[in-house]
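Notes follow once the structure below has been shown.
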There are 2 protein chains.
Amino acid sequence: MRLSGKSRNGAAARNQTGQGASDMASVLGGTEIRIAYKMGYVLNFYREPSFRKIEMDLGITRPEIVTLIFLNYREGVTASDICEFSGHLKANISRGIILLEKKKLIRRDIDTSDNRRQQLYLTPAGRALYAKYIPTLRKRERAMLSCLSPSERKQFESLLDKLAEHVPHWSAVDEL
Amino acid sequence: MRLSGKSRNGAAARNQTGQGASDMASVLGGTEIRIAYKMGYVLNFYREPSFRKIEMDLGITRPEIVTLIFLNYREGVTASDICEFSGHLKANISRGIILLEKKKLIRRDIDTSDNRRQQLYLTPAGRALYAKYIPTLRKRERAMLSCLSPSERKQFESLLDKLAEHVPHWSAVDEL
DNA sequence: ATGAGAAAGTCACATATGAGACTATCTGGG
DNA sequence: CCCAGATAGTCTCATATGTGACTTTCTCAT
């Protein structure tokens, strides 16, 4: 999903269609999938511009960004693990890993207990690149959440934790 | 963002890396942008598979899906309005609209008060196509939220409302 | 032990997308 | 009135992505 550029609240302010109120809340609340839609709305405006900027500034792709984020949290994991927790398709993560290795941002070792698997590790250069873009993401997250009180933020996170724990119980594709 | 296919909780169940607990919560909580990451995690598993299935089954693209959802809520709006509230880039919405019109799923009228703008309307066929995929999205949203009590769901939505209202105050790209 | 089937990772192809230039139209200050 | 700048929408080009096939390796039931 993508951001519409710089304009801020044009449609809401304009409201020239003459069909009743068109403020943000009513528009977002108007679809039949309100909660999912609103999550998407907020998240799109957080994630897309940030990631696009990182992509352009640092010349890396989204799967590469995600892989570095993941490895910064835990090294020695495999491509499959990253797919699992990022939701990216394995072909994309695979391409990302190949690129990252070409650029010497990560290193991979064959898992001796299972020769199909490759354990991934950051190089110092990889760590440095990560350090270069993560502050932007942190800052933008803070801005996004700044309208919530500390206790609301806690609430929100704990609800998200519940939702996240629950994902494996409904996300199977074959139920679609 | 993309889904990893059918596997459900493999990494969490496996935990063979021998580096300590690798359950869902710890992984998701391990990044430096916890809340944004968790929102993304949950939403990806909701949105990507659903949309991909719609794309394949019905032969339409994401901007087309979003445009139909938006028009079902309110007709007579313009491409810019849809960009505004969907976060998609205008080139993509433009392409989507052109495709939708070719397929006779929408109709467009030049706004007589501003000849640059085109007001969009669903055709019966467009409405019918929308009706074909929205139940899937509703059902999946219900499944996603089924781990929350009704009051938790209310809380979650009201926090999302706050976040959504706040978007215009921080989402400007030039601050990146 | 062995063969069927699953899993990890890669690849090739078609398509969807992002960036940015471009046209046409509108707006507002002189 | 008129021109500089903004805005709506479209287009072109390069790139990123989704799909599904493929290879290699592993697992497990017989």
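To find a chain, count down the sequence lines: A is the first, B the second, and so on, and within it residues start at 1. The analysis underlying the following values was restricted to heavy atoms, covering all of them including side chains, and did not include hydrogens, waters or symmetry mates.
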Whole angstrom is fine here: how far is it from [atom1] in [X] over to [atom2] in [N]?
X: A:Asn44; N: C:dT17; atom1: CG; atom2: P; result: 13 Å
X: B:Ile93; N: C:dA16; atom1: CD1; atom2: C1'; result: 13 Å
X: B:Asp81; N: D:dA8; atom1: CG; atom2: P; result: 8 Å
X: A:Leu99; N: C:dG9; atom1: CG; atom2: C1'; result: 15 Å
X: A:His88; N: D:dG18; atom1: NE2; atom2: P; result: 8 Å
X: B:Ile54; N: D:dG18; atom1: CD1; atom2: P; result: 16 Å
X: B:Arg62; N: C:dT15; atom1: CZ; atom2: P; result: 17 Å
X: A:Leu100; N: C:dT10; atom1: CG; atom2: C1'; result: 16 Å

Classify the nucleic acid contact of [X] as base, sugar-phosphate or nothing, counting any heavy atom under 4.0 Å across all strands shown.
X: A:Ile98; value: sugar-phosphate
X: B:Glu55; value: nothing
X: B:Ala91; value: base

Please tabulate, one pair per line, each protein N/O and nucleotide N/O from nucleotides 25-28 of chain D that are separated by under 3.5 Å, including the distance.
residue : atom : partner  : partner atom : Å
D:dT25  : O2   : A:Arg116 : NH1          : 3.4
D:dC26  : OP1  : A:Asn115 : N            : 2.6
D:dC26  : OP1  : A:Asn115 : ND2          : 3.0

Practice task
Can you label the angle between the B:His166 ring and the B:His169 ring as parallel, tilted or perpendicular, going by 30° and 60°?
Solution key: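 The rings of B:His166 and B:His169 sit tilted, inter-plane angle from 30° to 60°.
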Counting side-chain heavy atoms from C-beta on, which of [options] comes nearest to [X]?
X: A:Arg117; options: C:dA8, D:dA8, D:dA16; answer: C:dA8
X: B:Arg52; options: C:dG9, D:dG18, C:dA19; answer: D:dG18
X: B:Ser94; options: D:dT10, C:dA19, C:dG9; answer: D:dT10
X: A:Leu89; options: D:dG18, C:dG9, D:dA16; answer: D:dG18

Problem - Five-pair end axes of the helix from C:dA1-D:dT30 to C:dG30-D:dC1, angle between them (10°) - result: 30°
For the backbone of [Y] and the side chain of [X], can you confirm whether one donor and one acceptor N or O come within less than 3.5 Å of each other?
X: A:Thr78; Y: A:Gln119; value: no
X: B:Tyr46; Y: B:Leu137; value: yes
X: A:Arg62; Y: A:His88; value: no
X: B:Ser94; Y: B:Lys90; value: no
X: B:Glu75; Y: B:Leu122; value: yes

Problem - Any N/O donor-acceptor pair, A:Arg108 side-chain to C:dG9 base, under 3.5 Å - result: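 Answer is no: no donor-acceptor pair is held.
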Exercise for the section: Please evaluate the base of D:dG18 for a donor-acceptor partner in the side chain of A:Arg95 within a cut-off of under 3.5 Å? Expected result: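 When only heavy-atom distances are counted, A:Arg95 does reach the base of D:dG18 through a donor-acceptor pair under 3.5 Å.
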Practice task
Give a yes or no on whether the ring-centroid distance for B:Tyr41 and B:Tyr37 is below 6.0 angstrom.
Solution key: no
Atom [atom1] of [X] and atom [atom2] of [Y]: how far apart are they, to the nearest 0.5 Å?
X: B:Leu105; Y: B:Ile60; atom1: CG; atom2: CD1; answer: 7.5 Å
X: B:Arg108; Y: B:Ile98; atom1: CZ; atom2: CD1; answer: 5.5 Å
X: B:Leu89; Y: B:Cys83; atom1: CG; atom2: SG; answer: 7.5 Å

N/O-N/O pairs, protein side and nucleotides 3-5 of chain D side, under 3.5 Å:
none

Practice task
Please figure out whether B:Ala79 or A:Pro63 has its closest DNA chain D nucleotide nearer the 5' end.
Solution key: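 With A:Pro63 and B:Ala79 compared, the 5'-side residue is B:Ala79.
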Problem - Residue mapping more 5' on DNA chain C - nearest nucleotide basis, B:Ile60 or A:Met56 - result: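 Its nearest nucleotide being more 5', the pick is B:Ile60.
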Practice task
Answer yes when A:Arg107 and A:Glu101 have at least one side-chain N-carboxylate O distance shorter than 4.0 Å, and no when they do not.
Solution key: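 Judged by the 4.0 Å cut-off on N to carboxylate O distance, A:Arg107 and A:Glu101 do not form a salt bridge.
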Problem - A:Glu55 and A:Tyr133 side chains, donor-acceptor separation under 3.5 Å - result: no
Problem - Distance-only donor-acceptor check, side chains A:Glu64 and A:Thr61, under 3.5 Å - result: yes
Handout entry: Short side-chain N/O contact from A:Ser80 to OP1 or OP2 of C:dA8, under 4.0 Å
Key =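 Yes, because at least one side-chain N or O of A:Ser80 sits under 4.0 Å from OP1 or OP2 of C:dA8.
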